[in-house]
Amino acid sequence: QQDYQDRPKYCAVHLHSATMAVSWSVLIVLLTCTKAVCASPLGKKPHLIFILADDAGWYDFGFRNPDSITPHIDALAHKGIILENHYAYRYCSPSRASLLTGRLPHHVHQENPGTSTPGCTNLNYTMLPAQLKKAGYKTHMIGKWHQGISSPLCLPINRGFDTSFGYLSGEEDHMDQTVQASNCIVTDMWQNDGPALGANGTYNAFQYSERIVNIIENHNPDEPLMLYAALQNVHGPYEVPRHNRNKFPPDQNCSVTGDNPTCCTLAGPFGTKCDDGDHQAGLRCPPGAQCTRNFMLAMLNTLDEEVGNITKALKAAGLYNNSIIVFSSDNGGAVAGPPQHGAMSNHPLRGGKSAYFEGGTRVASLVSSPLLPKEVRGTNNTQLMHISDWYQTFCYLAGAECTDEVDPFPLDSVNLWPYLIQNVSGVPHDAIVLGTLDGGAVVRYDGYKIVMGKQTPDWWYGPVSPNCTNGTGAHPYNCDEGCLFNIRSDPGEHRDLSGISQPVFESLKDVLDRATANTAPLGFASHPSYNFSYANACEASHKKYSGFVGPWQF
């Protein structure tokens with residue numbers, strides 16, 4: 001990269017491997033830059049749209065699964081590039097932190113913070129929207145934040161977003177926006193620098209769509225737009241509008257071994273507060289009940305409608321042809337059984353959310369844009385990628401300064417654009433450390449992957465599970481001593497090669513051991529750091545924000 005302090009500036013592609021061959025036409029955009037900003041390599045700065053689904057599985061969309069009704073997401077896939085080896089963390093908040101800071105999870109944090117967790121994602125790190133603002137972008141965030149609540153410094157509006165609307169914690173009721181905080185129930189709905197009073201009581205997918213469409217309709221087309229749509233579906237609690245549920249056949253009363261036999265479709269309606277006007281009342285899966293596959297397909301259909309509203313609004317506003325849309329899940333799908341009792345499908349991958357197996361970390365994702373060369377549209381890209389890479393990719397496309405060299409963990413992010421348009425040889429990553437907490441995992445560009453520690457969930461479900469089936473059952477061993485897989489030949493991670501390919505195993509274990517020794521301290525990066533208890537935090541929010549959750553370190 002160029003030294004942005006001392007000499008005329010050029011926008012360079014961030015490259016990970018020094019050995020790859022790159023043409024100078026790709027390496028350097030031959031335009032001088034100001035100290036912080038240069039021209040986009042595409043000419044006019046593109047609108048950058050990142051749509052992040054929550055807990056969606058590998059096999060949950062129509063471009064892989066014909067049972068899913070997701071026509072708008074499928075259209076993006078067919079006009080864009082499906083990313084076959086795109087990885088994230090095994091659960092929510094660290095994946096979002098990686099995207100927003102350009103760092104692998106073990107270099108930012110590996111925690112799923114609650115409403116009372118002190119601190120937030122490291123305030124020394126410059127988040128992506130702040131970088132893009134330097135390049136003239138208008139930056140907006142809708143949906144789930146999950147990067148810290150306790151201090152006003154943690155809020156999206158103070159991390160680079162011009163506006164924000166959504167919830168600050170990791171999970172809430174889709175309809176009334178309440179969240180259980182220990183023995184206290186609060187409403188979690190925040191707009192910019194205060195609670196979104198009066199905004200609760202409508203299914204989140206509906207009001208998120210409305211807010212996003214409003215942002216797009218009122219955006220000046222001569223200014224570049226960055227939109228981060230962190231949508232709630234298909235995260236629990238499992239709730240869906242009835243009109244979406246009615247698109248799929250009813251389920252029989254069934255059970256999955258060891259789970260509550262109640263099926264979601266047999267649960268009662270949301271209640272009188274949850275009448276959404278234009279749609280019939282929705283359905284909810286009661287806590288502890290096993291959600292069924294058809295119920296989950298309905299939630300996915302609701303997610304798809306949100307995506308359709310975004311693309312339609314971009315086209316109506318004349319922004320679509322200059323937009324780059326990335327769609328990804330934040331982790332693998334939450335599968336059947338405790339603790340989530342989900343019904344997402346990662347078929348044929350092993351495990352799901354919370355595990356380092358492929359079903360937990362290899363996520364459904366795509367990039368779609370009329371700005372992609374025609375020859376790569378409608379293709380599948382098999383390069384090894386990580387959700388953190390979109391930081392450098394978006395910076396590059398925006399002509400933004402892409403440096404954030406904060407010790408001890410500088411950027412891990414790699415600019416993916418040359419690999420997406422197939423204008424470069426080599427690989428973006430030799431290997432990716434997927435995490436170091438509770439064992440850990442590393443995946444290598446040639447398909448070898450090491451997994452350490454006990455992994456839950458660790459089973460395989462069939463393509464329609466859990467509609468009264470158990471798939472193939474639980475695998476009989478864990479990875480306490482380390483497991484080695486070749487995910488090119490064995491994407492389902494059925495065959496442990498640790499006793500056969502010992503040199504490969506030792507090489508990857510060495511990578512993981514070194515990463516573990518160079519991991520950000522366990523726990524959220526607190527600032528300021530107060531020792532509030534869960535009850536104190538909830539009580540403080542209640543008092544200050546009239547029953548809404550918000551910063552409680554003041």
Side-chain angles (χ1 to χ4, degrees), residues 51 53-78 173-175 202-210 212-213 229 231-254 256 262-271 274-286 289-313 327 329 333-336 340-347 364 366 461-469:
I51 304 172
D54 203 343
D55 285 4
W58 177 260
Y59 195 64
D60 278 341
F61 302 102
F63 61 82
R64 286 198 178 101
N65 181 358
D67 290 334
S68 293
I69 303 177
T70 55
H72 301 104
I73 296 171
D74 299 345
L76 290 176
H78 296 147
D173 190 279
H174 289 253
M175 181 55 69
T202 300
Y203 193 79
N204 270 340
F206 300 156
Q207 56 181 333
Y208 290 166
S209 289
E210 181 180 350
I212 292 171
V213 169
L231 306 179
Q232 184 177 8
N233 278 358
V234 288
H235 197 289
Y238 302 122
E239 301 165 328
V240 68
R242 190 182 294 274
H243 88 283
N244 297 96
R245 182 64 189 89
N246 288 343
K247 296 180 183 180
F248 299 89
D251 292 302
Q252 301 298 316
N253 190 4
C254 63
V256 175
T262 304
C263 287
C264 290
T265 48
L266 302 181
F270 284 135
C274 301
D275 185 0
D276 50 39
D278 293 337
H279 302 278
Q280 294 175 287
L283 299 170
R284 85 158 22 108
C285 185
Q290 175 57 54
C291 191
T292 62
R293 181 62 180 162
N294 283 337
F295 193 97
M296 195 57 63
L297 289 173
M299 289 189 73
L300 288 160
N301 181 248
T302 307
L303 168 66
D304 184 74
E305 289 180 351
E306 289 182 271
V307 174
N309 289 331
I310 295 172
T311 55
K312 290 173 187 175
F327 176 88
S329 183
V335 294
Q340 287 118 4
H341 297 286
M344 276 67 88
S345 177
N346 301 306
H347 176 75
L366 61 91
Y461 268 129
V464 297
S465 182
N467 276 9
C468 308
T469 72

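For reference, positions follow the sequence shown, starting with 1.
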Check: Where does the angle between the aromatic ring planes of Phe61 and Phe63 fall among parallel (under 30°), tilted (30 to 60°) and perpendicular (over 60°)?
Finding: parallel
Checklist line | Rounded distance (nearest 0.5 Å) linking atom CG of Asp67 with atom CZ of Phe248 | finding: 9.0 Å
Item checked: Closest non-hydrogen atom pair, Gly62 against Ser68 -> N-CB, 3.7 Å
Checklist line | For Asn309, all residues meeting side-chain contact (heavy atoms from CB on, under 4.5 Å), sequence neighbours excluded | finding: Ser209, Val213
Notebook entry, point to check: Roughly how far, to the nearest 0.5 Å, is the OG1 atom of Thr302 from the CZ atom of Arg245?
Noted result: 11.0 Å
Next item on the list: Measure the CG-CG distance between Asn246 and Asn301 for me, rounded to the nearest 0.5 Å.
Entry: 11.0 Å
Next item on the list: Please examine the side chains of Val307 and Thr70, heavy atoms only from C-beta on, and report whether any two atoms are closer than 4.5 Å.
Entry: no
Notebook entry, point to check: Quick one: does Lys312's side chain get under 4.5 Å of His72's, heavy atoms only?
Noted result: yes
Item checked: Closest non-hydrogen atom pair, His347 against Trp58 -> O-CD1, 3.4 Å
Check: What pair of heavy atoms forms the shortest contact from Asn233 to Met299, and how long is it?
Finding: ND2-O, 3.3 Å
Next item on the list: Of all the heavy-atom pairs spanning Phe295 and Glu239, show the shortest one and how long it is.
Entry: CE2-N, 3.9 Å
Note to self: Quick check against the 3.5 Å criterion: does His174 have a side-chain atom that pairs as donor or acceptor with the backbone of His235?
What the structure shows: yes
Check: Under a 4.5 Å cut-off applied to non-hydrogen side-chain atoms, are Glu305 and Asn244 in contact?
Finding: yes
Check: Between CG of Asn204 and CD of Gln232, what distance do you get to the nearest 0.5 Å?
Finding: 4.5 Å
Item checked: Side-chain touch Leu231/Leu303, heavy atoms, less than 4.5 angstrom -> yes
Margin query: To the nearest 0.5 Å, what is the distance between CG on Leu76 and CZ on Phe327?
Written below: 8.5 Å
Checklist line | Considering all heavy atoms, the nearest Arg64-Tyr59 contact | finding: O-CE1, 3.3 Å
Check: Are Val240 and Met296 close enough that some pair of their side-chain heavy atoms sits under 4.5 Å apart?
Finding: no
Check: So, does Asn294 use its side chain to make a donor-acceptor pair with the main chain of Pro249 at under 3.5 Å?
Finding: yes
Notebook entry, point to check: If you look at every heavy atom in Asn346 and Gly57, which pair is closest and at what distance?
Noted result: OD1-CA, 3.2 Å
Check: Less than 4.0 Å between a side-chain N and a carboxylate O, is that true for Asp60 and Arg293?
Finding: yes
Margin query: Please check: side-chain N/O of Asp55 versus main-chain N/O of Ala334, any donor-acceptor pairing under 3.5 Å?
Written below: no
